[in-house]
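The structure appears right after this line, and notes come after that.
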2 protein chains.
Amino acid sequence: MLLSKSCVYGLRASLYLASKKEGEFIPIKRMSDKLEISFHFLTKILQQLTAQGILESFKGPNGGVRLNRPGTDVQLMDIVLAIDGEQLLTECALGLPGCGIKNPCPLHDKWAETRDAIKAMLEHTTLTELVEKGRAENLRLTTDGGFDILFED
Amino acid sequence: MLLSKSCVYGLRASLYLASKKEGEFIPIKRMSDKLEISFHFLTKILQQLTAQGILESFKGPNGGVRLNRPGTDVQLMDIVLAIDGEQLLTECALGLPGCGIKNPCPLHDKWAETRDAIKAMLEHTTLTELVEKGRAENLRLTTDGGFDILFED
DNA sequence: TTATATTAGGATAAAAGAGTCCAAATAATC
DNA sequence: GATTATTTGGACTCTTTTATCCTAATATAA
Ligand code: SF4
Ligand code: SF4
């Protein structure tokens with residue numbers, strides 16, 4: 001798998017948050033219900049995102065989490081880096097230790113191209129962009145149901 | 001990680017085999033030494049490749065494994081499919097169950113492009129091609145040492 | 001001030017991936 | 001026929017990832 005499960009959940013949750021009114025705190029419980037992710041697990045993941053400054057959290061009634069920056073300023077790569085780290089950008093195809101351009105393996109050239117494509121995609125896609133697309137085309141963030149089900153309260 | 005460790009080891013071993021005289025059986029022990037991979041682990045992996053018809057094995061003294069087809073006919077994708085299965089081609093970015101074009105998530109379009117690039121790379125690269133490149137430029141298949149160390153007996 | 005809703009954080013459990021070990025089967029050589 | 005070199009296959013262990021649970025801290029509201 002390209003991204004860990006934690007990372008995927010983090011992305012889904014971030015998209016959910018980006019679809020909400022800016023500044024509003026959303027309880028994790030609500031998100032885990034809507035997104036069909038284990039509440040406790042999602043909590044752990046969002047704690048990471050909070051620790052990394054991507055989310056902001058607030059305790060107590062009316063508490064929850066929200067994006068720390070507008071969704072237009074959050075790239076998918078930000079989430080991926082916060083959860084999976086640089087692995088995706090550094091590790092690669094033949095996974096030899098201490099890799100890079102200096103001492104490449106035979107796959108390096110081809111792999112580097114592919115990896116750059118992945119990187120570019122993650123860096124050039126913002127949360128808001130996907131939310132707008134999802135809303136316009138009623139795409140899904142869960143197993144069943146379209147984007148719209150996320151907005152029923 | 002894009003490819004499992006088993007898969008990476010399988011690729012490295014297949015490249016090794018493709019660099020050898022066609023038809024020659026190579027003992028797994030020799031490969032595991034050269035490639036610095038645990039003998040027992042590599043054995044398990046190569047058993048999978050043998051079961052999938054990518055390699056052929058022969059027991060006893062002078063035994064070992066060899067490619068079942070010429071290296072020019074073996075794509076990287078063949079190895080990846082044999083070890084990691086279709087996961088890479090079917091699963092994806094947001095990893096929603098039962099995914100596909102019918103009921104996509106907001107990332108689908110962008111992801112599909114990226115995934116196709118990965119797929120194309122793996123499908124259009126043959127073992128022989130990489131071996132020739134590795135030989136010509138003395139690239140490496142192990143932590144230290146160039147391609148050439150693989151050929152000392 | 002008490003009850004309630006929430007995140008934070010630690011401990012633990014279950015599942016998957018990676019790696020090791022051993023006995024059995026097979027083939028060549030002595 | 002006995003010994004040796006090799007693959008096969010199963011059982012097992014270790015590590016990492018995924019998931020669950022419980023308690024504490026914090027903020028609101030009654
Ligand atoms: S040389 Fe390049 S492709 Fe090969 S393992 Fe290193 S970074 Fe990856
Ligand atoms: S819709 Fe496409 S990108 Fe999204 S999870 Fe499914 S296959 Fe992957």
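All values below were derived from every heavy atom in this structure, side-chain atoms included, with hydrogens, water molecules and symmetry-related copies excluded. This one's a predicted model, so the numbers in the text were calculated from it and none came from an experiment. Chain letters run A, B, ... following the sequence lines, proteins first and then strands; every chain starts at 1.
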For this session: Could you tell me whether the side chain of V74(A) reaches within less than 4.5 Å of the side chain of T126(A), counting heavy atoms only?
Result: no
For this session: Using a strict cut-off of less than 4.0 Å between a Lys/Arg side-chain nitrogen and an Asp/Glu carboxylate oxygen, indicate whether E129(A) and K133(A) qualify as a salt bridge.
Result: no
Problem set entry | Phosphate OP1/OP2 of dA18(C): any S38(B) side-chain N/O under 4.0 Å | no
Exercise. For E113(B), does the CD atom have more than 12 heavy-atom neighbours from other residues, nucleotides or ligands under 6.0 Å away?
Worked result: no
For this session: For I45(A) and dT17(D), give me the distance from atom CD1 to atom P, rounded to whole Å.
Result: 13 Å
Exercise. Just how far, in rounded Å, is P of dA13(C) from CZ of F41(A)?
Worked result: 18 Å
Problem set entry | Between C1' of dT18(D) and CD of E36(A), the distance in whole Å | 18 Å
Exercise. Could you state the NZ-P distance from K5(B) to dC14(D), rounded to the nearest angstrom?
Worked result: 17 Å
Exercise. Could you run down nucleotides 4-11 of chain C 5' to 3' and tag each one B, S or - for protein heavy-atom contact under 4.0 Å?
Worked result: BBBBBBBB
Exercise. Once you round it to whole Å, what is the distance between P of dT28(D) and CZ of F25(A)?
Worked result: 10 Å
Problem set entry | L42(B) CG to dT8(D) P, straight-line distance once rounded to whole Å | 12 Å
Exercise. Considering only heavy atoms from C-beta outward, does the side chain of L94(A) approach that of W111(A) to under 4.5 Å?
Worked result: no
Exercise. What is the distance, rounded to the nearest whole Å, between atom CG of L3(A) and atom P of dT18(D)?
Worked result: 11 Å
For this session: Give a yes/no answer on whether the side chain of Y9(A) brings an N or O atom under 4.0 Å of OP1 or OP2 in dA19(D).
Result: yes
Exercise. Looking only at heavy atoms, which two atoms of L130(A) and P106(B) are closest? And how far apart?
Worked result: CD2-O, 3.4 Å
Problem set entry | pair K110(A)-T125(B): side-chain heavy atoms closer than 4.5 Å | yes
